[in-house]
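On a predicted model such as this, the values are computed, not experimentally measured, just so you know. Reckoned from all heavy atoms, side chains included, excluding hydrogens, waters and symmetry mates.
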Amino acid sequence: MDRREKAKTAAGLLLIFTLAFCLGGVLGQTVQQRDRAVAALPASRDWGLSFREEGKLPEANATIEELARYNAYYAERTEEKTLYLTFDCGYENGNTPAILDALKKHGAPAAFFVVGNYLETSPELVKRMLAEGHTIGNHSYHHPDMSRMGREEFQRELAELETLYRQITGREMEKYYRPPQGKYSEENLRIANELGYKTFFWSLAYVDWNQDAQPSHEEAFSKLTGRVHPGAVVLLHNTSRTNGEILDELLMRWEKMGYRFKAISELTGEGR
């Protein structure tokens with residue numbers, strides 16, 4: 001190899017090393033930026049409440065004002081004795097007809113947050129809910145932990161339920177969303193808001209979902225009348241045998257306490 005060829009070879013090697021060094025730096029910056037972005041995302045949280053004073057708005061792990069930035073709600077700050085009734089519907093086990101009967105008797109509007117399984121197995125009950133003036137909300141199709149999902153996966157969970165709802169009812173689903181399992185993050189709220197959804201948590205609930213340990217009527221009345229407060233968003237589960245049995249009397253007790261019932265569209269200002 002002559003001197004000229006050696007010089008060309010050396011120059012080529014130098015160029016390769018230089019490009020590799022630059023590419024490594026760019027990739028390193030990209031990884032660092034990605035890691036910083038991931039670290040900046042809030043961790044998944046479970047919605048939680050702290051009842052400090054009977055008859056008063058409980059403290060939650062986000063304030064009404066903080067949630068409002070994302071069109072999200074857990075209660076209304078008011079002295080007016082109003083209640084917003086909501087039900088989570090994972091499946092049907094025979095209690096929903098009694099719940100609907102009680103709501104109809106008292107003229108109480110409610111929001112039913114349904115999943116894909118409920119739409120698939122109970123379309124006639126969903127149609128009855130609509131016919132009797134209730135709201136159907138999106139509880140996701142498969143009821144996963146949505147708080148750690150990226151935008152595309154998050155949107156797909158909601159869109160699949162919207163599509164099935166449209167096929168069953170011929171209507172567009174209201175853009176009302178409740179996080180499955182009460183799991184959420186700030187990023188989760190932001191995505192829902194950008195998709196046009198309003199997110200609903202709650203300020204009054206009790207342990208009614210365990211089919212193997214249903215609360216007694218006395219336990220249910222104690223929790224639901226003792227912790228009720230003006231502007232409460234009430235969460236009940238349609239699968240609860242206790243709820244099906246007591247709802248008529250529970251609504252009557254709340255009415256005797258001076259409460260009246262409003263649709264959640266009034267909480268958002270859309271129904272006013």
Side chain to side chain donor-acceptor pair (under 3.5 Å) assessment of Gln181 paired with Asp46:
CA-CA 8 Å; Gln181 309 166 55; Asp46 293 321; over 6 Å; no
Would Thr268 and Glu270 count as a side chain to side chain donor-acceptor pair (under 3.5 Å) here? Give the steps.
CA-CA 6 Å; Thr268 67; Glu270 298 164 299; 2.5 Å; yes
Taking the side chain from Thr199 and the backbone from Arg178, do they hold a donor-acceptor pair closer than 3.5 Å?
no
Over all heavy atoms of both residues, which pair between Leu57 and Ala75 is shortest? Give the atoms and the distance, please.
CD1-CB, 3.4 Å
How about Thr96 and Asn238: does a side-chain donor come under 3.5 Å of a side-chain acceptor?
yes
Could you list the donor-acceptor pairs under 3.5 angstrom formed between side-chain atoms of residues 219-227 and any protein atom two or more places apart in sequence or on another chain?
residue: Glu219; atom: OE1; partner: Ser216; partner atom: N; Å: 2.7
residue: Glu219; atom: OE1; partner: Ser216; partner atom: OG; Å: 3.4
residue: Thr225; atom: OG1; partner: Phe221; partner atom: O; Å: 2.5

Can you hop from Ile64 to Tyr197 via hydrophobic side chains spaced under 4.5 Å?
no
Answer with yes or no whether the hydrophobic clustering places Met129 together with Met173; edges join I, L, V, M, F, W, Y residues whose side-chain heavy atoms lie under 4.5 Å apart.
yes
Check the hydrophobic clustering (I, L, V, M, F, W, Y; side-chain heavy atoms under 4.5 Å; chains of links allowed) and say if Tyr206 and Trp209 are grouped together.
no
Distance only, no hydrogens: is a donor on one side chain within 3.5 Å (strictly under) of an acceptor on the other, for Tyr118 and Asp88?
no
Can you see which heavy atom on His106 is nearest to which on Asp248, and at what distance?
NE2-OD1, 2.6 Å
Contacts of Glu153 meeting side chain to side chain donor-acceptor pair (under 3.5 Å) (sequence neighbours excluded), chain-then-number -> none
Audit row: Lys175, Glu162, salt bridge (Lys or Arg N to Asp or Glu O under 4.0 Å) steps and yes/no
CA-CA 9 Å; Lys175 294 284 189 175; Glu162 292 172 358; 3.2 Å; yes
Does Asp208 reach the main-chain N or O of His237 with its side chain, forming a donor-acceptor pair under 3.5 Å?
yes
Is the closest side-chain heavy-atom distance between Arg166 and Arg171 below 4.5 Å?
no
Between Pro230 and Thr78, the two heavy atoms sitting closest are CB-O, 3.4 Å
Which residue in the set Tyr70, Tyr74, Tyr73, Tyr184 passes ring-ring contact (aromatic ring centres under 6.0 Å, His included) when paired with Phe201?
Tyr184
Check ion pair Arg190-Glu194 (N to O, under 4.0 angstrom):
yes
Would Asn93 and Asn95 count as a side chain to side chain contact (heavy atoms under 4.5 Å, CB included) here? Give the steps.
CA-CA 6 Å; Asn93 62 352; Asn95 297 302; 2.9 Å; yes
Inspect the surroundings of CD in Glu152 and state if more than 12 heavy atoms from other residues, nucleotides or ligands are less than 6.0 Å away.
no
Any side-chain to backbone donor/acceptor pair from Thr63 onto Glu66? Under 3.5 Å, distance only.
yes
Side chain to side chain donor-acceptor pair (under 3.5 Å) against Tyr165, all qualifying residues, sequence neighbours excluded:
none
Is it true that Met257 and Leu251 fall in one hydrophobic cluster, defined by side-chain heavy atoms closer than 4.5 Å?
yes
Determine yes or no for a side-chain-to-main-chain donor-acceptor pair under 3.5 angstrom, with Glu59 supplying the side chain and Leu49 the backbone.
no
Pair Asp101 + Arg128: basic N to acidic O under 4.0 Å:
yes
Whether the side chain of Thr242 engages the backbone of His217 through a donor-acceptor N/O pair (distance < 3.5 Å, no angle test) should be reported.
no
Do Asn138 and Glu157 come close enough that some side-chain heavy atom pair is under 4.5 Å?
no
ring-ring contact (aromatic ring centres under 6.0 Å, His included) partner of His134, chosen from Phe87, Phe112, Tyr176
Phe112
Do Glu92 and Thr121 have a side chain donor and acceptor closer than 3.5 Å?
no
Under the criterion salt bridge (Lys or Arg N to Asp or Glu O under 4.0 Å), I'd like the reasoning laid out for Glu174 against Lys198: C-alpha separation, chi angles, the key distance, then a yes or no.
CA-CA 9 Å; Glu174 296 280 359; Lys198 294 175 173 63; over 6 Å; no
Check: His143/Asn117 side-chain N/O donor and acceptor closer than 3.5 Å
no
Which heavy atom in Thr86 sits nearest to a heavy atom in Ile264, and how many Å separate them?
CG2-CG2, 4.0 Å
Exercise: identify the closest heavy-atom pair between Gly258 and Lys81:
O-CB, 3.5 Å
Which distance, rounded to the nearest 0.5 Å, do you find between the CD of Gln155 and the CD of Glu160?
11.0 Å
Is there a side-chain contact between Met146 and Pro180, using heavy atoms and a 4.5 Å cut-off?
yes
By side chain to side chain donor-acceptor pair (under 3.5 Å) - contacts of Glu79 (at least two apart):
none
Could you check whether any side-chain N or O of Glu249 sits under 3.5 Å from a backbone N or O of Ile246, counting only pairs where one atom can act as donor and the other as acceptor?
no
Please step through side chain to side chain contact (heavy atoms under 4.5 Å, CB included) for the pair Glu76 and His229, ending with a clear verdict.
CA-CA 10 Å; Glu76 180 179 29; His229 63 89; over 6 Å; no
Using the rule given for side chain to side chain contact (heavy atoms under 4.5 Å, CB included), can you reason through Leu100 versus Lys104, listing the C-alpha separation, both sets of side-chain angles and the distance that settles it, and then say yes or no?
CA-CA 6 Å; Leu100 288 171; Lys104 185 176 183 179; over 6 Å; no
Set of side chain to side chain donor-acceptor pair (under 3.5 Å) partners for Glu120, sequence neighbours left out
Tyr141
Cluster link Leu204 to Phe113, ILVMFWY, side chain under 4.5 Å:
no
Straight-line distance of Arg148 CZ to Glu187 CD, nearest 0.5 Å:
12.5 Å
Quick check: do Val228 and Leu83 have side-chain heavy atoms less than 4.5 Å from each other?
yes
Residue pair Leu103, Leu247: steps toward the side chain to side chain contact (heavy atoms under 4.5 Å, CB included) verdict
CA-CA 8 Å; Leu103 293 172; Leu247 189 61; 4.2 Å; yes
Are Glu255 and Arg260 within salt-bridge range, i.e. N to O under 4.0 Å?
no
Minimum heavy-atom distance between Asn188 and Ser147, given as atom pair plus value
ND2-CA, 3.8 Å
Supply the atom-to-atom distance Leu85 CG to Leu235 CG, rounded to the nearest 0.5 angstrom.
11.0 Å
Nearest 0.5 angstrom please: Leu119 CG to Leu125 CG, how far?
11.0 Å
For a 4.5 angstrom cut-off between non-hydrogen side-chain atoms, does Ser203 reach Pro58?
yes
According to ring-ring contact (aromatic ring centres under 6.0 Å, His included), who are the partners of Tyr177, at least two apart in sequence or on a separate chain?
Phe154
I'd like to know if Glu132 pairs up with Lys127 as an ion pair, taking the criterion as any Lys NZ or Arg NE/NH1/NH2 lying under 4.0 Å from an Asp or Glu carboxylate oxygen.
no
